[in-house]
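Report on one structure; see the data block that follows.
Side chains are part of it too, since the values below use all heavy atoms of this structure and drop only hydrogens, waters and symmetry mates.
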Amino acid sequence: MDNLILNVGLLRRKVPNLTSAARQVGLRPATVSNLCTGKIPVGRAEVRTLAALASLADCSLDDLIIRGEKIEMIETGVKTLDMFAPLAKGGTVGLVARPGMGQLVVLGELLYRFKKDGYKTIFLMPKGEQKGLDEIVENAEIVTHTIEESYKRMEEIGGGQDMMFVADRTHVITGRIHQLQENLQEAGIHSVTTFLVDLTGEVVDEDLPYGPLETLWQFDADLAARHRFPAVNPLSSTSSVLEGAHLDQDHFTIQQKALKILRRYRELRSLVNVSGMERIPKSELQTYQRGEKLEAYFTQPFHVAEPFTKKPGHAVSLKETLHDVKEILNGALDSKAVSELEFIGAL
């Protein structure tokens, strides 16, 4: 049962507007989203839910539920992404943020790193006057202006080369992105990982704003306001790589412990904001302090931000991140000040 997954590509093609379609048949969009990203394993889903999705896609349950091969993760070198919402190779990732939360800087940094690692990076320029795209344009090897031009360039590159493709949500709303992905599949090009971004911030208020996704990166207003960049929320970001069948057991164990501490830290932080540190029970003080250190550790200096931060950018391997988080969780850094963990690479 562990390696059963939803056929997200099929859903994407058959039901472009999955949010409204799901509501019409009595399904919660959040449940559908969690099934698509693997936050809810298919084996734990209600039969009624799966049957309703199959009906929407006009397919059989056998077509909707597939026995998945191991989903390959692409390491980004960004600690919080690799730990909590790994990038699924060949999948689609949606960034959910309001303007000013740093999503464009994250995308610019990823394109910078991918280009260095030999990926072809393609950016479909959004229509109209747009600000803040400099890092993305600068680090995209190919800049296109239409879906047709994007497809042509990918076809020229061919299926033997890994590609990173960034596009604006407007192309999702028109259905053109789904059509592009279908055309690529038919042409035998399975090596494109797609990043979907919304420059207006409207995605924050919508369920399934991009349709079915393999990876979801949810940005956090509180983290951004406190300059905890990258401001990706570890509690609400997720990925199909996190399904039990695909995730390394050590990664899963450390990640779950970190999430538990961070979740409780956020709850205690709300109490501290209102009443001060003295209101935290002594039995919870250690949890609060380790949560604070974890949150600081997951900040990270980026190469593309060096002119502004004056700090050299750092990439951190998943192996290093797991080791460091384990050290924080085990108390090896209890004597360290929080400030010593802010905006560093590995420990």
Side-chain angles (χ1 to χ4, degrees), residues 5-24 27-40 53 56-57 71 74 76 81 84-99 101-104 106-107 110-111 122-127 130 133 136 147 150-151 163-185 192-220 230-233 236-242:
I5 59 172
L6 274 194
N7 190 338
V8 176
L10 177 72
L11 272 177
R12 198 179 286 136
R13 292 195 301 273
K14 294 289 193 76
V15 199
N17 195 348
L18 192 56
T19 306
S20 58
R23 283 205 189 96
Q24 284 169 12
L27 297 179
R28 291 181 65 242
T31 301
V32 178
S33 175
N34 288 337
L35 276 168
C36 290
T37 55
K39 202 168 189 178
I40 299 176
L53 284 173
L56 285 174
I71 298 171
I74 298 175
T76 65
L81 300 182
F84 299 110
L87 184 58
K89 185 174 182 178
T92 302
V93 53
L95 283 74
V96 175
R98 294 199 193 281
M101 290 186 183
Q103 62 173 339
L104 297 180
V106 169
L107 272 178
L110 291 177
L111 290 181
I122 304 158
F123 177 46
L124 172 54
M125 200 74 179
K127 289 185 170 61
Q130 303 289 350
L133 298 178
I136 298 178
I147 287 281
S150 303
Y151 176 74
M163 293 175 254
M164 299 294 174
F165 174 56
V166 179
D168 181 68
R169 181 179 175 238
T170 52
H171 301 289
V172 178
I173 296 168
T174 61
R176 304 295 301 284
I177 285 288
H178 303 310
Q179 187 61 53
L180 170 69
Q181 290 175 325
E182 193 166 344
N183 292 343
L184 288 169
Q185 292 293 318
V192 181
T193 303
T194 303
F195 297 79
L196 299 175
V197 64
D198 171 51
L199 301 173
T200 68
E202 292 171 2
V203 285
V204 174
D205 303 313
E206 296 185 26
D207 295 309
L208 285 174
Y210 300 112
L213 295 167
E214 279 78 16
T215 308
L216 172 71
W217 292 338
Q218 182 109 35
F219 287 69
D220 185 88
V232 176
N233 188 337
S236 54
S237 300
T238 187
S239 163
S240 55
V241 178
L242 300 178

Identify, with sequence neighbours excluded, every residue that meets side chain to side chain donor-acceptor pair (under 3.5 Å) alongside Thr174.
none
Counting N and O atoms only, with roles assigned by atom type, does the side chain of Glu214 sit under 3.5 Å from a partner on the main chain of Thr92, one being a donor and the other an acceptor?
yes
Which atom pair, heavy atoms only, marks the closest approach of Leu11 to Ala57?
CD2-CB, 4.2 Å
Output the distance between atom CD1 (Ile74) and atom CE (Met164), rounded to the nearest 0.5 Å.
3.5 Å
How close do Gly90 and Thr193 get, heavy atom to heavy atom, and via which atoms?
N-OG1, 2.9 Å
Pair Leu110, Phe195 - check side-chain contact (heavy atoms from CB on, under 4.5 Å), show working.
CA-CA 10 Å; Leu110 291 177; Phe195 297 79; 4.1 Å; yes
How far apart are the C-alpha atoms of Leu124 and Asp168, what are their side-chain angles, what is the distance that settles it, and do they pass the side-chain contact (heavy atoms from CB on, under 4.5 Å) test?
CA-CA 7 Å; Leu124 172 54; Asp168 181 68; over 6 Å; no
Kindly compute the distance separating CG (Leu87) from CG (Leu81), expressed to the nearest 0.5 Å.
8.5 Å
Quick check for you: to the nearest 0.5 Å, what is the distance between Leu56 atom CG and Lys14 atom NZ?
11.5 Å
To the closest 0.5 Å, what do you measure between CG (Leu216) and OG (Ser240)?
11.0 Å
Verify, without hydrogens or angle tests, whether Trp217 (side chain) and Val232 (backbone) share a donor-acceptor contact under 3.5 angstrom.
no
Side-chain touch Cys36/Leu213, heavy atoms, less than 4.5 angstrom
no
When you measure from the side chain of Ser33 to the backbone N and O of Pro29, does any donor-acceptor pair fall under 3.5 Å?
no
With Thr19 as partner, the option from Val32, Leu208, Leu27 fulfilling side-chain contact (heavy atoms from CB on, under 4.5 Å) is Leu208
What distance do Thr170 atom OG1 and Leu199 atom CG have between them, rounded to the nearest 0.5 Å?
8.0 Å
Shortest non-hydrogen contact between Phe84 and Pro86, atoms and distance:
C-CD, 3.7 Å
Could you tell me whether the side chain of Phe123 reaches within less than 4.5 Å of the side chain of Leu107, counting heavy atoms only?
no
With Arg169, which residues qualify under side-chain contact (heavy atoms from CB on, under 4.5 Å), at least two apart?
Val172, Ile173, Asp198, Glu202, Val203, Glu206, Pro209, Tyr210
Gap separating the CG atom of Leu180 from the CZ atom of Phe165, nearest 0.5 angstrom
5.5 Å
Using side-chain heavy atoms (C-beta onward) and a distance below 4.5 Å, is Val192 in contact with Ile122?
no
Does the side chain of Arg98 come within less than 4.5 Å of Asp205's, by heavy atoms?
yes
Can you find a heavy atom in the side chain of Ser236 that is under 4.5 Å from one in the side chain of Val96?
no
Please report the C-alpha distance between Gln181 and His178 in whole Å, then the side-chain angles of each, then the deciding distance to 0.1 Å, and finally whether the side-chain contact (heavy atoms from CB on, under 4.5 Å) criterion is met.
CA-CA 5 Å; Gln181 290 175 325; His178 303 310; 4.0 Å; yes
Closest approach of Ala21 and Val15, non-hydrogen atoms and distance?
CB-CG1, 3.7 Å
Dump the intermediate steps for side-chain contact (heavy atoms from CB on, under 4.5 Å) on Lys127 and His171, then the final yes or no.
CA-CA 10 Å; Lys127 289 185 170 61; His171 301 289; 4.3 Å; yes
